[in-house]
Trainee: 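Here it is, the structure in full.
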Amino acid sequence: MYGQIVRDGLVNVTGIEDLGLTSPVLQRTSDAFFKEISPFLLHFGMFVPTIIGQCTPEQQAKWLPLAMDLKIIGTYAQTELGHGTFIRGLETTATYDASTEQFILKTPKLSSYKWWAGGLGKTANHCIVLAQLYTKGVCHGPHPFIVQIRDTETHMPLPGIKVGEIGPKLGFNTADNGFLGFEDFRIPRENLMMKNAQVTKDGTYVKVARHGKLTYGTMVFVRVMLVSDMAYCLAKAVTIAVRYSAVRRQSQPKPDQPEPQVLDYLTQQHKLFICISTAHAMKLTSTWLWNTFTGVLADMRDGNTDTLPELHALSSCLKAISTSDTSALIEQCRFACGGHGYMYSSNLPALYSFATATRTYEGDYTVLLLQTARFLVKSWEQMDEGKPLTPTLAYLEQSRNGSQVSWDDSPEGIVRGFDAVAAGRIGACVKSIRKHINNGMDYEDAWQMTTVQLVGAAEAHCRAVICRVYRDETARLTAGCSPGVKAVLDQLSTLYLLYWALERTGDLLRFSSLSERDIENLQARYEALLLKIRPNAVGLVDAFDFRDEVLMSTLGSYDGRVYERLMEEALKTPLNREPVSDSFHKYIKPMMQGKL
Ligand SMILES: CCCCCCCC/C=C\CCCC(=O)SCCNC(=O)CCNC(=O)[C@H](O)C(C)(C)COP(=O)(O)OP(=O)(O)OC[C@H]1O[C@@H](n2cnc3c(N)ncnc32)[C@H](O)[C@@H]1OP(=O)(O)O
Ligand SMILES: Cc1cc2nc3c(=O)[nH]c(=O)nc-3n(C[C@H](O)[C@H](O)[C@H](O)COP(=O)(O)OP(=O)(O)OC[C@H]3O[C@@H](n4cnc5c(N)ncnc54)[C@H](O)[C@@H]3O)c2cc1C
């Protein structure tokens with residue numbers, strides 16, 4: 001299994017590199033090789049971006065060509081057995097020895113061992129290691145180091161290195177996630193990645209970057225990328241589920257009628273059409289986020305880090321919500337396919353196991369939403385002090401006078417409704433924190449007592465951002481489309497708004513003038529829209545344009561030969577090589593004969 005996945009991975013990487021293909025094609029072409037994950041994912045996904053983001057030009061000149069030519073294979077080892085979220089609590093140390101101009105790496109306890117890095121177990125010979133930097137007896141916090149861990153000729157672990165694979169997981173079982181321990185392992189001073197901080201030969205620590213969190217830059221980049229990855233992953237899952245639902249016929253609602261396509265059931269449309277809308281919503285939002293990200297990078301190149309906090313807040317909540325929504329909706333796609341959706345050959349289990357992992361890695365869902373909440377509360381307090389708000393928080397102004405937003409069920413009105421919900425929930429959090437403080441709590445305890453509400457406020461803010469971006473970008477991009485295409489894409493964006501308005505009626509009743517009758521109207525409009533989308537459902541997923549080789553699904557292939565493909569895959573199962581398993585003769589027959 002591992003050998004084959006490495007072979008496929010190299011064919012994929014070297015083949016595409018030779019063809020000089022761009023990342024979208026890389027993304028689609030890669031998926032034609034793996035149902036799960038390549039052991040080389042972290043090399044290109046984090047090792048190379050960290051060299052670019054954390055190394056000086058001189059260091060890049062040394063390491064980047066080696067990495068891009070696959071002369072070294074890397075990964076990103078930050079998480080430890082004992083710490084993942086709390087980076088400032090990482091236990092691996094890098095202590096500078098000025099007499100030899102080296103750092104000494106140590107994992108002092110079992111809990112200090114690096115754990116999880118993709119490709120670390122058996123594939124990588126280098127890695128980025130986040131370690132607490134000590135020099136002249138002072139700890140300067142977590143810093144990135146580039147560390148060779150295996151001999152590039154023999155691939156044997158270097159002396160002082162303990163490395164191996166962490167074992168089976170829910171998914172990602174071809175990712176070769178590993179563990180790594182250091183026993184007084186020495187690396188040259190130059191292996192500290194010195195773009196944001198340096199250590200001179202005599203051990204003097206020099207802070208270069210104005211912002212203390214630029215070390216975390218790779219995580220922001222990956223979070224931004226993951227939003228796009230989620231759109232792509234969900235689009236594959238809903239392509240499989242909609243195509244299968246068009247082929248599958250089941251039950252007999254009317255005695256004199258043939259069994260209908262299950263796609264004709266309104267409940268099936270309710271399960272699946274939000275998945276089509278969400279794939280579009282996340283793709284458009286990810287492009288908007290990417291443009292925001294590149295804008296902040298440009299500002300930072302000019303020495304201006306003022307826009308970084310908003311980018312951190314946006315990337316955190318959009319990564320959390322996109323991965324959470326995608327995990328839930330891919331599972332919904334599986335549910336929609338009945339028993340055959342549970343077959344590994346459907347590819348829905350593998351898509352689910354990938355998506356649900358993203359809810360955790362690169363920042364746990366709750367933790368990242370609390371990071372966004374921290375920014376929202378600070379923004380509210382700045383608004384109270386009369387300071388200007390950042391663009392994505394302009395809606396807070398509407399809540400300043402505390403008046404309730406009047407409900408308007410037009411698409412723009414619903415977007416304003418979500419703004420009102422976000423503003424109201426943030427305001428409620430601020431009120432809760434202040435109440436606890438007035439009752440004698442310190443700020444940290446008052447914050448902790450409000451965290452359940454804070455997570456909800458961050459989710460509401462993120463939903464409001466997605467709704468607004470999805471609607472605005474759809475309007476902008478369909479301006480030049482044919483009326484037919486515009487109508488269908490408008491239906492999808494309206495469906496997203498109606499779906500989430502119905503999911504959040506409690507909040508809308510609390511923070512707008514929404515009435516019971518309005519809710520009835522929303523429900524009726526939603527159901528009517530499902531029926532309108534039905535005729536275009538298969539065309540909409542075909543438009544995602546996944547080749548069968550990329551979908552890798554017995555249920556989602558373009559020709560619809562579902563039952564033939566299921567049987568073809570079943571007959572390939574090793575257990576079907578012989579009519580009678582040798583376990584019969586070894587165990588079952590003796591048992592039947594009372595001889596066990
Ligand atoms: C081709 C591309 C392909 C991409 C796809 C690749 C897929 C690869 C597959 C799998 C890889 C998985 C890899 C990993 O999982 S790597 C490990 C990821 N780990 C994490 O994400 C850890 C999450 N934890 C954190 O981010 C932080 O610990 C924290 C939760 C933010 C808390 O940190 P800390 O306690 O230091 O921070 P505070 O809460 O006290 O905040 C201090 C101030 O710093 C600001 N801050 C925090 N983080 C950032 C950041 N990333 N960027 C900018 N600013 C940040 C925070 O807002 C506070 O600011 P303030 O002004 O409010 O004080
Ligand atoms: C498939 C996969 C691949 C991975 N690949 C890599 C990799 O290549 N490199 C790497 O370095 N890491 C990798 N990781 C590790 C990943 O980054 C961590 O698992 C993730 O950051 C979460 O940290 P944790 O596991 O310590 O969970 P914890 O933070 O211990 O979370 C446990 C629980 O505590 C809660 N919690 C934690 N802190 C707070 C808080 N402040 N407030 C409220 N609740 C809190 C969480 O919400 C969660 O419910 C990978 C993980 C997975 C699953």
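Index from 1, following the sequence. Just follow the structure's listing: the first ligand is 1, and inside any ligand the first atom is 1.
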Trainee: With respect to Thr85, determine whether any N or O atom, backbone or side chain, lies less than 3.5 Å from an N or O atom of ligand 2.
Mentor: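 Yes.
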Trainee: Is the Tyr232 ring parallel, tilted or perpendicular to the Phe546 ring (thresholds 30°, 60°)?
Mentor: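 Perpendicular: the ring planes of Tyr232 and Phe546 meet at over 60°.
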Trainee: Which one holds for Thr366 and ligand 2: side chain close, backbone close, both close, or neither close, with close meaning a heavy atom under 4.0 Å?
Mentor: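 Only the side chain of Thr366 comes within reach of ligand 2.
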Trainee: Using a 4.0 Å cut-off to any heavy atom of Arg88, which atoms of ligand 1 qualify?
Mentor: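 Taking each heavy atom of Arg88 in turn, ligand 1 has 34 (P), 35 (O), 36 (O), 40 (O) under 4.0 Å.
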Trainee: Which residue and non-hydrogen atom of the protein lie closest to atom 19 (O) of ligand 2, and at what distance in Å?
Mentor: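 Of the protein heavy atoms, Thr360 CG2, 3.8 Å lies nearest.
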Trainee: Checking contacts here: is it the side chain or the backbone of Trp116 that comes within 4.0 Å of ligand 2, counting heavy atoms only? Could be both or neither.
Mentor: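 Contact part for Trp116 vs ligand 2: both backbone and side chain.
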Trainee: Please confirm whether Gly118 comes within less than 3.5 Å of ligand 2 when only nitrogen or oxygen atoms on both sides are compared.
Mentor: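 Min N/O separation from ligand 2 is below 3.5 Å for Gly118.
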Trainee: Are any side-chain N or O atoms of Asn347 and backbone N or O atoms of Ser553, one a donor and one an acceptor, separated by less than 3.5 Å?
Mentor: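 Judged by distance alone, no pair lies under 3.5 Å.
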Trainee: Answer with side chain, backbone, both or neither: which part of Leu370 has a heavy atom less than 4.0 angstrom from an atom of ligand 2?
Mentor: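 Only the side chain of Leu370 comes within reach of ligand 2.
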Trainee: Considering residues, nucleotides and ligands other than Met343, do more than 12 of their heavy atoms fall under 6.0 Å from its CE?
Mentor: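 Atom CE in Met343 is not crowded, with 12 or fewer foreign heavy atoms closer than 6.0 Å.
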Trainee: Name the closest protein heavy atom to atom 40 (C) of ligand 2, giving the residue it belongs to and the distance to 0.1 Å.
Mentor: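 For this ligand atom, the closest protein heavy atom is Val367 CG2, 4.1 Å.
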Trainee: Does Lys378, backbone or side chain, put an N or O under 3.5 Å from an N or O of ligand 1?
Mentor: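 N/O-N/O distance under 3.5 Å: yes.
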Trainee: Can any side-chain N or O of Asn304 pair as donor or acceptor with the backbone N or O of Asp299 at less than 3.5 Å?
Mentor: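 Not at all, since once roles are kept as given, no pair shorter than 3.5 Å links the two residues.
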Trainee: Decide whether an N or O pair under 3.5 Å exists between His83 and ligand 2.
Mentor: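 His83 vs ligand 2: no N/O contact under 3.5 Å.
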Trainee: Measure from the ring center of Phe185 to the ring center of Phe103 and say whether it is less than 6.0 Å.
Mentor: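 For Phe185 and Phe103, the ring centres are not under 6.0 Å apart.
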Trainee: Is the Tyr395 ring parallel, tilted or perpendicular to the His461 ring (thresholds 30°, 60°)?
Mentor: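 Tilted, since the angle between the ring planes falls between 30° and 60°.
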Trainee: Need the ligand 1 atom indices (1-based, order shown) with element for anything under 4.0 Å from a heavy-atom of Val220.
Mentor: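 Those atoms are 51 (N), 52 (N).
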Trainee: Which bit of Glu362 is near ligand 2, meaning a heavy atom under 4.0 Å away: side chain, backbone, both or neither?
Mentor: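 Backbone only.
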Trainee: Measure from the side-chain N and O atoms of Gln371 to the backbone N and O of Ala313, and report whether any donor-acceptor pair falls under 3.5 Å.
Mentor: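 Between the backbone of Ala313 and the side chain of Gln371 there is no qualifying donor-acceptor contact (under 3.5 Å).
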Trainee: Would you say the side-chain atoms of Asp445 pair up with the backbone N or O of Met441, donor to acceptor, closer than 3.5 Å?
Mentor: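 Pair absent, no side-chain N/O of Asp445 close to backbone of Met441.
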Trainee: Please report which non-hydrogen protein atom sits nearest to atom 9 (N) of ligand 2, along with the residue it belongs to and the distance in Å to one decimal place.
Mentor: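 Checked against all protein heavy atoms, atom 9 (N) of ligand 2 sits closest to Tyr76 O, 2.9 Å.
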Trainee: Picking from Asp325, Asp419, Asp507, what satisfies salt bridge (Lys or Arg N to Asp or Glu O under 4.0 Å) with Arg463?
Mentor: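 Exactly one candidate clears the test, Asp325.
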Trainee: Would the distance check show the side chain of Glu91 and the main-chain N or O of Ser112 forming a donor-acceptor pair, the cut-off being under 3.5 Å?
Mentor: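 Pair found, side chain donor or acceptor close to backbone of Ser112.
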Trainee: Counting heavy atoms only, which of Arg223, Met225, Glu362, Gln371 comes nearest to atom 26 (O) of ligand 1?
Mentor: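 Shortest heavy-atom distance from atom 26 (O) of ligand 1: Arg223.
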Trainee: With backbone taken as N, CA, C and O and side chain as the heavy atoms from C-beta onward, which portion of Thr75 lies under 4.0 Å from ligand 2: side chain, backbone, both, or neither?
Mentor: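 No part of Thr75 comes within reach of ligand 2.
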Trainee: Within ligand 2, which atoms have a heavy atom of Gln78 less than 4.0 Å away?
Mentor: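 Ligand 2 atoms under the 4.0 Å threshold to Gln78: 11 (O).
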Trainee: At what distance is the nearest protein heavy atom to atom 12 (N) of ligand 2, and which residue and atom is it?
Mentor: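 Closest protein heavy atom to atom 12 (N) of ligand 2: Thr79 OG1, 2.8 Å.
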Trainee: Which atoms from ligand 1 have a heavy atom of Val367 less than 4.0 Å away?
Mentor: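 The list of qualifying atoms is 30 (C).
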Trainee: Show me which atoms of ligand 1 lie under 4.0 Å from any heavy atom of Thr79.
Mentor: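 Numbered from 1, ligand 1 contributes 17 (C).
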Trainee: Output, in order, the C-alpha distance, side-chain angles, deciding distance and verdict of salt bridge (Lys or Arg N to Asp or Glu O under 4.0 Å) for Asp384 and Arg434.
Mentor: CA-CA 13 Å; Asp384 278 351; Arg434 289 174 180 168; 3.0 Å; yes
Trainee: Mind checking whether Lys114 has a heavy atom under 4.0 Å from ligand 2?
Mentor: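 Checking ligand 2 against Lys114, which is what was asked, there is no heavy-atom contact under 4.0 Å.
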Trainee: Tell me whether the rings of Tyr205 and His143 are parallel (<30°), tilted (30 to 60°) or perpendicular (>60°).
Mentor: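 Tyr205 vs His143 ring planes: perpendicular.
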Trainee: Report yes or no: does a heavy atom of Gly84 sit under 4.0 Å from some atom of ligand 1?
Mentor: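 Under 4.0 Å: yes for Gly84.
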Trainee: Within ligand 1, which atoms have a heavy atom of Thr85 less than 4.0 Å away?
Mentor: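 Checking each atom against Thr85, I get 22 (C), 23 (C), 24 (N), 25 (C), 27 (C), 28 (O).
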Trainee: Kindly identify the option in Trp115, Phe354, Tyr361, Phe86 whose heavy atom sits closest to atom 4 (C) of ligand 2.
Mentor: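 Minimum heavy-atom distance to atom 4 (C) of ligand 2 goes to Tyr361.
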Trainee: Side chain, backbone, both or neither: which part of Leu311 has a heavy atom under 4.0 Å from ligand 1?
Mentor: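 Within the 4.0 Å criterion, Leu311 makes no contact with ligand 1.
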Trainee: Near Asp364, which atoms of ligand 2 are under 4.0 Å from a heavy atom of that residue?
Mentor: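 Near Asp364, meaning under 4.0 Å from one of its heavy atoms, ligand 2 has 46 (C), 47 (O), 48 (C).
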Trainee: Among protein heavy atoms, which lies nearest atom 7 (C) of ligand 2, and at what distance?
Mentor: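 Protein heavy atom with the smallest distance to atom 7 (C) of ligand 2: Ala117 CA, 3.5 Å.
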Trainee: Is there a side-chain contact between Cys317 and Glu459 (heavy atoms, below 4.5 Å)?
Mentor: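 Answer no - side chains too far apart.
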Trainee: With atoms numbered from 1 as shown, which atoms in ligand 2 lie under 4.0 angstrom from a non-hydrogen atom of Leu42?
Mentor: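 Ligand 2 atoms under the 4.0 Å threshold to Leu42: 8 (O).
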Trainee: Give a yes or no answer on whether the side chain of His155 reaches the backbone of Lys122 with a donor-acceptor pair at less than 3.5 Å.
Mentor: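 Yes, His155 side chain to Lys122 backbone: donor-acceptor pair under 3.5 Å.
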Trainee: For a salt bridge (Lys or Arg N to Asp or Glu O under 4.0 Å) check, start with the C-alpha distance between Glu80 and Lys114, then their side-chain angles and the critical distance, and finish with the verdict.
Mentor: CA-CA 4 Å; Glu80 297 172 352; Lys114 294 301 177 186; 2.9 Å; yes
Trainee: Does the protein put any heavy atom within less than 4.0 Å of atom 34 (O) of ligand 2?
Mentor: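 Under the 4.0 Å cut-off, atom 34 (O) of ligand 2 has no protein heavy-atom neighbours at all.
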Trainee: Taking Thr326 for its side chain and Ala355 for its backbone only, find out whether a donor-acceptor pair lies under 3.5 Å.
Mentor: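 Pair absent, no side-chain N/O of Thr326 close to backbone of Ala355.
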Trainee: Distance below 4.0 Å between atom 2 (C) of ligand 2 and any protein heavy atom?
Mentor: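 It does; a protein heavy atom is within 4.0 Å.
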Trainee: Checking a contact table here: which protein heavy atom is nearest atom 24 (P) of ligand 2, and how many Å away?
Mentor: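 Its nearest protein heavy-atom neighbour is Gly84 CA, 3.9 Å.
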Trainee: Please confirm whether the ring centroid of Tyr134 lies under 6.0 Å from the ring centroid of Tyr96.
Mentor: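 Distance test on ring centres: not under 6.0 Å, no.
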Trainee: Give the single entry among His312, Met219, Gln78, Arg374 that approaches atom 48 (N) of ligand 1 most closely by any heavy atom.
Mentor: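 Answer by nearest heavy atom: His312.
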